[in-house]
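Structure, as structure tokens:
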Amino acid sequence: MTASERIVYVDGHYCPESEGKVSIFDRGYLFADAIYEVTCVIGGKLVDFDGHMVRLQRSLKELDMPVPMSNEDLLAIHRKLVADNNVDEGLIYMQISRGNADRDFNFPSKDTPPVVVMFTQARPVLESPLAKRGLKVISLPDMRWGRRDIKTVQLLYPSMAKNAANEVGADDAWLVQDGFVTEASSANAYIVTTDGKIVTRSLSTDILHGITRAAVLRFAQEAGYVLEERSFTIAEALEAQEALITSATSFVTSVLSIDGQMIGDGKIGPVSSRLREIYIDKAVGARI
Ligand code: PMP
């Protein structure tokens, strides 16, 4: 183990990252038969951990996967990894796979133990460079599978979309299905109309039910913003006053342009800034 190695959690054990190994028979590896959560860490504490646990339980249920351990035990592992790795700001990644079994499209027997893996990644969040600068996005067809509400590790298309964006000098992609924006490669997508309404696609199997989305919409409503949960097109986004995304590690981040065309004046807008402030005040303020 070198001094810079993290301590990770793999299937019941804590070990240095170079020793953290999973089986070639792990169904996460063979079939993307695994779910995950990413929880943000600020000042060594977890943001909206309970929200992530609710979604985790839902993902497990939708895929008929066994619950590996109690939420309290998962919390204890999160806390130990944050402490052992001295994480001030960043994230904890948690993955739960259906476990190890001979390669077979049928699920293995119900008593196959799930495999839980967790590791930390330290990085600036509150003062992240992208949040300070704002994002350039491109639009791409949404070619993901039909159950995007389940947080599976099946992330190849979003990864391809992000790379395609990077190749043309953009930061991310907004995905479009039947003419309407679903979401970003790893975040929920919003526009602010010229009359100040916050618009984001409604919940369905087409998008991930973002934990940050739920919190931001609640706080926005409390702050007196008018919300519209409905689909919107790229053309409408280009006419909007502002565009933005939310996710656990980007919080609220402004989108400055889509497909090379500026949104509004092409600067971080007041609604995005205000929503970010409110989120930091309330959600980050309530971290555990
Ligand atoms: N949509 C997708 C496709 C995502 O991958 C993510 C990030 N996990 C989100 C939305 C945002 O969800 P959350 O706010 O829970 O991070």
Side-chain angles (χ1 to χ4, degrees), residues 32 34-42 46-60 62 78 89-96 118-119 121 123 125 128 130-131 135 137 139-165 171-177 180-191 198 200-220 229 231-232 243-255 272 275-276 278-280 282-284 286-287:
I35 56 157
Y36 74 108
E37 284 296 328
V38 172
T39 304
C40 187
V41 179
I42 300 288
L46 305 162
V47 180
D48 213 343
F49 182 78
D50 292 343
H52 289 285
M53 286 307 102
V54 170
R55 185 171 61 192
L56 181 85
Q57 297 302 334
R58 179 177 182 277
S59 295
L60 290 170
E62 290 298 313
H78 275 72
E89 246 177 72
L91 61 90
I92 299 204
Y93 176 84
M94 166 173 55
Q95 174 168 326
I96 302 174
M118 285 190 224
F119 54 82
Q121 287 185 183
R123 67 154 80 140
V125 175
S128 104
L130 280 182
L135 305 175
V137 308
S139 60
L140 285 178
D142 195 338
M143 296 176 71
R144 298 173 299 166
W145 81 322
R147 288 302 307 272
R148 302 158 193 155
D149 56 313
I150 310 174
K151 198 165 169 63
T152 75
V153 301
Q154 196 199 120
L155 295 171
L156 183 54
Y157 187 72
S159 174
M160 288 166 70
K162 187 126 186 176
N163 276 277
D171 304 295
D172 199 4
W174 275 20
L175 305 175
V176 178
Q177 169 177 284
F180 293 98
V181 174
T182 50
E183 55 190 330
S185 69
S186 60
N188 291 112
Y190 307 68
I191 56 172
I198 299 170
T200 195
R201 194 176 175 109
S202 54
L203 296 180
S204 70
T205 51
D206 294 336
I207 62 168
L208 188 75
H209 302 186
I211 302 306
T212 321
R213 177 189 182 282
V216 166
L217 290 185
R218 192 170 68 245
F219 300 148
E229 290 186 66
S231 299
F232 60 88
L244 56 112
I245 57 156
T246 65
S247 78
T249 52
S250 70
F251 293 174
V252 177
T253 297
S254 189
V255 170
S272 308
L275 291 178
R276 186 175 174 88
I278 299 174
Y279 183 79
I280 291 172
K282 300 209 178 211
V284 178
R287 69 197 188 278

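Note that this is a predicted model, so its numbers are computed, not measured. Atoms within each ligand, like the ligands themselves, are counted from 1 in listed order.
T205 and D149 share no side-chain donor-acceptor pair at under 3.5 Å. The closest side-chain donor-acceptor pair between R148 and Q177 falls under 3.5 angstrom.
The protein heavy atom nearest to atom 1 (N) of ligand 1 is E183 OE1, 2.5 Å. Looking from atom 7 (C) of ligand 1 to the surrounding protein, the closest heavy atom is S186 O, 3.2 Å. For atom 16 (O) of ligand 1, the closest non-hydrogen atom of the protein is A248 N, 2.8 Å. Among protein heavy atoms, the minimum distance from atom 14 (O) of ligand 1 is reached at T212 OG1, 2.6 Å.
The part of R144 lying near ligand 1 is the side chain, judged by heavy-atom distances below 4.0 Å.
When all heavy atoms are compared, the tightest approach of R55 to H209 is NH1-O, 3.1 Å.
Among S185, A187, G210, the residue whose heavy atom lies nearest to atom 10 (C) of ligand 1 is A187. Which of H209, K151, R55 comes nearest to atom 8 (N) of ligand 1 through a heavy atom is settled by distance: it is K151.
You'll find the side chain of D206 stays beyond 4.5 Å of the side chain of E183, heavy atoms only. Using a 4.5 Å cut-off on side-chain heavy atoms (C-beta onward), F251 and V216 make no contact.
Between Y93 and Y36, a ring centre-to-centre spacing shorter than 6.0 Å is recorded.
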